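What follows is one structure encoded as C-alpha cells, with my remarks underneath.
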Amino acid sequence: QVQLVEAGGDLVQPGGSLRLSCAASGSIVSIYTMDWYRQAPGKQREQVAAITSGGATWYANSVKGRFTISRDNAKNTVSLQMNSLKPEDAAVYYCRIDALNVWGQGTQVTVSS
C-alpha cells in the first residue's frame, strides 16, 4: 500500500519561507497527479496546488505567485516551496495522490510573529 509522509512544517514569521516535502513509499510520484491541500482550524480542507505527471501545475488564487509545487521523480518526492507567508497560510498541510485519494498525515505550518 502506498504511503505518503509530509515534513517541513514549522513556525515562521509573516513574510518568511518554508519548504514542505512529501515522500512516497513507492515509485508513484511520476505517474499520478500530486496535490497539496491545507486545513486551518474551523475551516474546510482546501486544495492549494497540484502537479500532473506531465509537469503542469495549478495553484489556488490565494497562493499563486507565492507557492511553487515541484516533483523529484528519482526521489519519489513532491515539494511545496512557500514564500511570503501570511498568517492566513497557517494550517495543516497534506499531500495527496489525486487518482488514488491517498493522503499523508499532514504537517503543521504556523505563521506568527
Side-chain angles (χ1 to χ4, degrees):
Q1 184 174 349
V2 177
Q3 292 184 323
L4 301 174
V5 179
E6 301 96 334
D10 205 345
L11 169 64
V12 62
Q13 292 186 342
S17 297
L18 277 177
R19 186 175 181 86
L20 307 182
S21 64
C22 172
S25 59
S27 300
I28 53 90
V29 169
S30 62
I31 300 173
Y32 296 106
T33 293
M34 300 294 295
D35 307 321
W36 280 99
Y37 281 73
R38 68 185 181 188
Q39 187 167 22
K43 294 188 177 181
Q44 286 190 326
R45 191 171 296 189
E46 62 172 347
Q47 186 175 8
V48 296
I51 185 166
T52 70
S53 58
T57 57
W58 172 90
Y59 299 95
N61 287 335
S62 58
V63 307
K64 198 172 294 184
R66 301 187 297 120
F67 289 13
T68 303
I69 188 171
S70 61
R71 187 182 66 220
D72 186 329
N73 294 339
K75 295 182 178 179
N76 295 313
T77 59
V78 177
S79 298
L80 187 68
Q81 177 67 42
M82 306 186 296
N83 299 328
S84 303
L85 282 162
K86 304 175 182 180
E88 52 263 41
D89 294 319
V92 178
Y93 283 72
Y94 301 88
C95 66
R96 171 182 179 247
I97 306 170
D98 192 279
L100 303 179
N101 198 32
V102 171
W103 296 82
Q105 84 291 344
T107 186
Q108 177 72 53
V109 173
T110 303
V111 184
S112 175
S113 54

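Since we're looking at a predicted model, the values are computed, not measured. In this chain, residues are counted from 1 in sequence order.
Of all the heavy atoms in Ala40 and Ala90, the pair that sits closest is CB-O, 3.6 Å.
With sequence neighbours excluded, the residues that form a side-chain contact (heavy atoms from CB on, under 4.5 Å) with Gln39 are Arg45, Tyr94. Annotation: salt bridge (Lys or Arg N to Asp or Glu O under 4.0 Å) contacts of Asp89 (sequence neighbours excluded): Arg38, Arg66. When the side-chain contact (heavy atoms from CB on, under 4.5 Å) test is applied to Ala60, the partners found at least two apart in sequence or on another chain are Trp58, Ser62, Val63. In this view, Phe67 satisfies the ring pair (Phe, Tyr, Trp, His ring centres under 6.0 Å) rule with no residue, not counting sequence neighbours.
Within a 6.0 Å radius of CD in Gln3, no more than 12 heavy atoms belonging to other residues, nucleotides or ligands are found.
One finds the CH2 atom of Trp36 at 5.0 Å from the SG atom of Cys22 (value rounded to the nearest 0.5 Å). Atom CD1 of Ile51 is separated from atom CG of Asp98 by 12.5 Å, given to the nearest 0.5 angstrom.
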Tell me which donor-acceptor pairs under 3.5 Å the side chains of residues 4-19 have, and how far apart each pair is, sequence neighbours excluded?
unit_1 : atom_1 : unit_2 : atom_2 : d
Glu6   : OE1    : Gln105 : N      : 2.9
Glu6   : OE1    : Gly106 : N      : 2.9
Glu6   : OE2    : Cys95  : N      : 2.8
Glu6   : OE2    : Gly106 : N      : 3.4
Ser17  : OG     : Asn83  : OD1    : 3.0
Arg19  : NH1    : Gln81  : OE1    : 3.2

Listing, residues 27-35 side-chain donor-acceptor contacts under 3.5 Å, not counting sequence neighbours, or none:
unit_1 : atom_1 : unit_2 : atom_2 : d
Asp35  : OD1    : Gln47  : NE2    : 3.2
Asp35  : OD2    : Arg96  : NH1    : 2.9

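Under the 4.5 Å side-chain contact rule for hydrophobic residues, Val109 and Val92 do not share a cluster. Cluster annotation: Tyr59 and Leu85 are assigned to the same hydrophobic cluster (Ile/Leu/Val/Met/Phe/Trp/Tyr, side-chain heavy-atom contacts under 4.5 Å, transitive). Note on Met82 and Tyr37: separate hydrophobic clusters, where clusters join Ile, Leu, Val, Met, Phe, Trp and Tyr whose side-chain heavy atoms are under 4.5 Å apart, directly or indirectly.
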